[in-house]
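A short worksheet on the structure shown next.
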Amino acid sequence: MTRRRTPRTSVIRLTTGHAARTLNHPSVRREPVLALDFGATSVLVTTGGPVTVEDLEFARQLAREAHRFARSLERSFYGLPDGRGVAA
């Protein structure tokens with residue numbers, strides 16, 4: 001992945017809650033789809049055709065950042081040493 005060359009023109013904020021969920025839809029005949037559901041709004045992540053090296057790198061980057069996001073939430077929720085949360 002390369003660094004962003006153009007500035008952001010808009011941001012969509014999707015917050016989690018009881019209706020938020022993620023689903024992986026693997027497929028043998030088509031490209032896989034990752035669904036991020038936020039109640040009435042869904043974001044589908046897939047490729048534009050046959051899977052490429054760039055697609056694989058993006059998926060790995062997405063997984064790394066999702067893991068870091070989860071760890072940050074854990075630190076905040078449980079109050080781990082480098083977090084700001086309250087001890088559980």
Side-chain angles (χ1 to χ4, degrees):
M1 297 298 302
T2 59
R3 190 167 261 250
R4 178 185 301 273
R5 294 182 184 175
T6 57
R8 288 187 178 100
T9 57
S10 63
V11 174
I12 299 171
R13 181 177 180 170
L14 301 168
T15 57
T16 60
H18 70 282
R21 64 189 181 133
T22 60
L23 295 166
N24 178 44
H25 299 280
S27 177
V28 175
R29 296 190 175 119
R30 298 183 308 188
E31 294 76 26
V33 176
L34 176 64
L36 309 174
D37 290 325
F38 300 91
T41 303
S42 291
V43 176
L44 303 179
V45 180
T46 189
T47 66
V51 177
T52 66
V53 171
E54 290 82 11
D55 297 328
L56 183 55
E57 179 53 36
F58 176 80
R60 289 177 176 158
Q61 181 185 14
L62 179 63
R64 279 191 307 270
E65 294 305 317
H67 178 75
R68 290 176 180 157
F69 178 67
R71 290 296 297 152
S72 293
L73 290 177
E74 289 171 345
R75 288 182 190 105
S76 294
F77 185 77
Y78 293 115
L80 296 176
D82 55 351
R84 295 181 164 175
V86 294

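Keep in mind that the numbers below use all heavy atoms, side chains included, and drop hydrogens, waters and symmetry copies.
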Listed partners of Leu62 passing side-chain contact (heavy atoms from CB on, under 4.5 Å), at least two apart
Leu34, Phe58
Not counting sequence neighbours, which residues clear side-chain contact (heavy atoms from CB on, under 4.5 Å) with Ser42? List them please.
Asp37
Would you mind writing out the side-chain donor-acceptor pairs for residues 11-29 within the sub-3.5 Å range, not counting sequence neighbours?
| unit_1 | atom_1 | unit_2 | atom_2 | d |
| --- | --- | --- | --- | --- |
| Ser27 | OG | Arg29 | N | 3.4 |
| Ser27 | OG | Arg30 | N | 3.0 |

Is there a path of hydrophobic side-chain contacts, each under 4.5 Å between heavy atoms of I/L/V/M/F/W/Y residues, joining Val45 to Val51?
no
So, does Thr47 use its side chain to make a donor-acceptor pair with the main chain of Pro50 at under 3.5 Å?
no
Can you name the side chain to side chain donor-acceptor pair (under 3.5 Å) partners of Thr46, sequence neighbours left out?
none
Using a 4.5 Å side-chain heavy-atom cut-off and chaining through intermediate ILVMFWY residues, the residues clustered with Leu73 come out as Phe69
Flag the pair Glu54 / Glu57 as yes when at least one side-chain heavy-atom distance between them is below 4.5 Å, and no otherwise.
no
Nearest-0.5 Å distance that lies between atom CZ in Arg64 and atom CZ in Arg60:
8.5 Å
Residue pairs passing the salt bridge (Lys or Arg N to Asp or Glu O under 4.0 Å) test with at least one member in residues 38-48, sequence neighbours excluded, are none
